[in-house]
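Keep in mind the model is a prediction, meaning the values are calculated, not measured. Here is the naming used below: chain letters follow the sequence lines, and residue numbers restart at 1 for every chain.
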2 protein chains.
Amino acid sequence: MSGPARVTHASTRAAVLDLVRAAGMISRVGLVNATGLTGGTISTVVRGLIDEGLVAETGHAESTGGKRRVMLQLNHFARYAVGVHLDDARITYVLTNLGGAVVARISRAGAAADEPAAVVARVAREVDALIDSVGVERGRILGLGLVAARPAEHQEFGRALERATALPVVLDHDATAAAIGEHWSGGVGATSTFAALFMGTGIGAGILLGGTTYRGPSGHTGEIGHTCLDLDGPRCWCGARGCLEVLAGPAAVVEQARADRALSRAAGLVGGRTRAATPVAADFAAISRAARQGNTRAVALLERSARYIAAAARGLANVLDLEVLVLTGPSFAIAGSVYLPVLRAELDSAFIARDAHPISVRLSPSAASAPAIGAAAIVLQSELVPRRQGLRLPDDLAAEEPPVFLAR
Amino acid sequence: MSGPARVTHASTRAAVLDLVRAAGMISRVGLVNATGLTGGTISTVVRGLIDEGLVAETGHAESTGGKRRVMLQLNHFARYAVGVHLDDARITYVLTNLGGAVVARISRAGAAADEPAAVVARVAREVDALIDSVGVERGRILGLGLVAARPAEHQEFGRALERATALPVVLDHDATAAAIGEHWSGGVGATSTFAALFMGTGIGAGILLGGTTYRGPSGHTGEIGHTCLDLDGPRCWCGARGCLEVLAGPAAVVEQARADRALSRAAGLVGGRTRAATPVAADFAAISRAARQGNTRAVALLERSARYIAAAARGLANVLDLEVLVLTGPSFAIAGSVYLPVLRAELDSAFIARDAHPISVRLSPSAASAPAIGAAAIVLQSELVPRRQGLRLPDDLAAEEPPVFLAR
DNA sequence: CGAGGATTCTTCAGTTACTAAACAAAGAAA
DNA sequence: TTTCTTTGTTTAGTAACTGAAGAATCCTCG
């Protein structure tokens, strides 16, 4: 009662390029099977990609009885993209090639309360340094992806950066970027439905449904940090009570640790003594270190946090029928090994669709720079995968119609 | 830094038909504005729809300075569809026209433990009776939508029903159907991102993102009933603790009411005394009645349930950036007036994206038969909105490639 | 070694679904 | 009546595909 699983893509060229990237190496026949297009179409599309220098023939597969397949690969060094992650604490820069592999990476202290114009100049300077450090021609750089927790607040910053760097700038949410980064740099299947659970200072999730980024009508998606886990819990700035972020976010973990004299001393927390720029991040790292070294109080604190996050993650998985869940972001980069088994256990035992398909839970191999890598991946997508012109459907249709009606 | 909001549709014909349906009445120029297509394209597409008898010209709008627009409307009685909702307690049948309006409706007791073959025969007979009751030609009936809480268990039933009724059968989840029904029968914008919160015996949600049904990779979407709201709450059959369904579902409300002697007597609960086929549904109705009549204990019970559901609904809205939330299904049909204000208050005060756009929370005008209406709407969609052939992307690409590789 | 089959890849004519632009029809304003 | 505006249709052209024929390459077996 239902046809074969088919997915409509933005454009054929983009779909083919995406398949070549995802497969690592694939033949034209492989593309025919994967796309459902005819050999003729694949032939011309691939020729175009080769002419543009994006794809290259790299050898032959063994014969299956007739002519050998010519294998195709992404020409990884044909194009580059810059990714910038603006965090309160740090600014992370990466330069990636077409495959999403990091070619250069630098990380600098955040620009907390500095003057905007000065920050733009500084970021532009650091982007230049990043590019110069590997000597990539500027003409081969497709653009700059800029991601932050609240992208809407950085629109003007983005425009200024566009002028300062002479690179096209795209702006996005950091959690969404992290998800796209995981998808682009492989590991997650091309059409998979997955979420990147992102923990920095706050907690969020980037969502890809069937390989397509889900951004929602206003871009405020994946706000899993404000999932309720205790109806009568402590108040959150969002207006609700018992939000995940308040109960189990890094700030909450750090606060709980600081209240524990013994743990504070053992882990060497700074928050109690100094007014450092980023006491939460530093102390969260210290607690994680203590946990790795076997401090039972630190372990208990993190596992308590993990149980809350696991419950929220299960809720997300149940709502979206997720196939993959990736833990990423600075905080999971530090403490992921504590959280991972707790989340796995939760989803193995109580994910509703577990009989229909498995859900793979894993730690990002590049959790700390995932948002920046994702920012670059968004540029790769937006430049190489031009959106096909679809149908514009304005919110208010009725308003465009004349109000008066005369019966015939 | 971002283009105009555009949406790709399955096919132009379908998109135009959908716009005509959603708008109720619209001109060709209105369609041009709404779709972004040119006048020429709209002209030919509309001609095709008129030739098929699906759309009709119904008069003129007032002039805006030149020629008056010819208004188009759906030809509501050109086609029909049957919707069947299989519930443990009841089987609901509807016959709808092209606009999703109910033309005939019957409801019968559920077929709990009867023999499958007998149930198929009975349902086929009742469908015939439904159709005969309004004398619609069978050739104008596009098909039969069959929805249930666990559609996967009814595959064989669906096939048998297809043979018995000689109508094409499509199978789907009841909550998803309810959402599609709300969308199809208007009230919710064409491209809106919304969820239908469905409460029958369990709690689920049907999800439409940007006007497109979200079914997930295995169809287990919107399982909001297993959202965790208490880490150390009571065990649920799903394997977790503190699930919404266990804390606040109709069964939980009824159980709590039965434990209250005074309330049991006042509301006249049957569950304690008899072994009726559907004690939960009947008692939930009794509690709702008592609440409406001012019984403070009944009100308190339902409001407690509502607070839990509101928290879970807020989580869903925060994750998906919802624009609309519709309460539907038998239990909301009975007690929706108690739940609605609680959900509204929760989302007004703590929905993350509330500064970006409002979220409209409302009660379905046809909550009791929403799944059946949605089942019919699915038929209308699947028959009138043929999926465009997209790109097939098999899960396992690598397997199709020959394993051995020879460098050139 | 060479003919024949298998498989891969390209070419080319034809189809579909669009756009752009000219045109025709209908009403408003002067 | 003339002119302008707006609506809707027609037509020629284009992009992106399909289907089928054919060329290229490799394997196998006599």
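Straight-line distance from the CZ atom of A:R47 to the P atom of C:dC12: 10 Å, rounded to whole Å. Between B:E57 atom CD and D:dG8 atom P the separation is 9 Å, expressed in whole Å. Here the P atom of nucleotide D:dT10 and the CZ atom of B:R28 are 11 Å apart, to the nearest Å. Rounding to whole angstrom units, CD of residue A:E62 and P of C:dT7 are separated by 15 Å. Computed from coordinates, the A:I42 CD1 to C:dT11 C1' distance equals 16 Å when rounded to whole Å.
The shortest side-chain heavy-atom distance between B:T41 and B:V32 does not fall under the 4.5 Å cut-off. Using a 4.5 Å heavy-atom cutoff, the side chains of A:T176 and A:Y214 are not in contact. Counting only heavy atoms from C-beta outward, the side chains of A:L322 and A:T193 approach each other to under 4.5 Å.
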Which parts of nucleotides 17-30 of chain D does protein reach within less than 4.0 Å, heavy atoms only, written one letter per nucleotide 5' to 3' as B for base, S for sugar-phosphate only and - for none? SBS----BBBS---
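The backbone N or O of A:T64 sits nowhere less than 3.5 Å from a side-chain atom of A:R69 that would complete a donor-acceptor pair. Using modelled atom types, one side-chain atom of B:W184 and one backbone atom of B:L98 make a donor-acceptor pair closer than 3.5 Å.
In the set C:dT11, D:dT7, C:dT8, C:dT8 carries the atom at the smallest distance from any side-chain atom of A:R69. For B:S27, counting side-chain heavy atoms from C-beta on, the closest listed nucleotide (D:dG8, C:dT10, D:dT9) is D:dG8.
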Test side chain to side chain contact (heavy atoms under 4.5 Å, CB included) on A:E57 and A:L72 and set out the steps. CA-CA 5 Å; A:E57 300 185 335; A:L72 304 165; 3.7 Å; yes
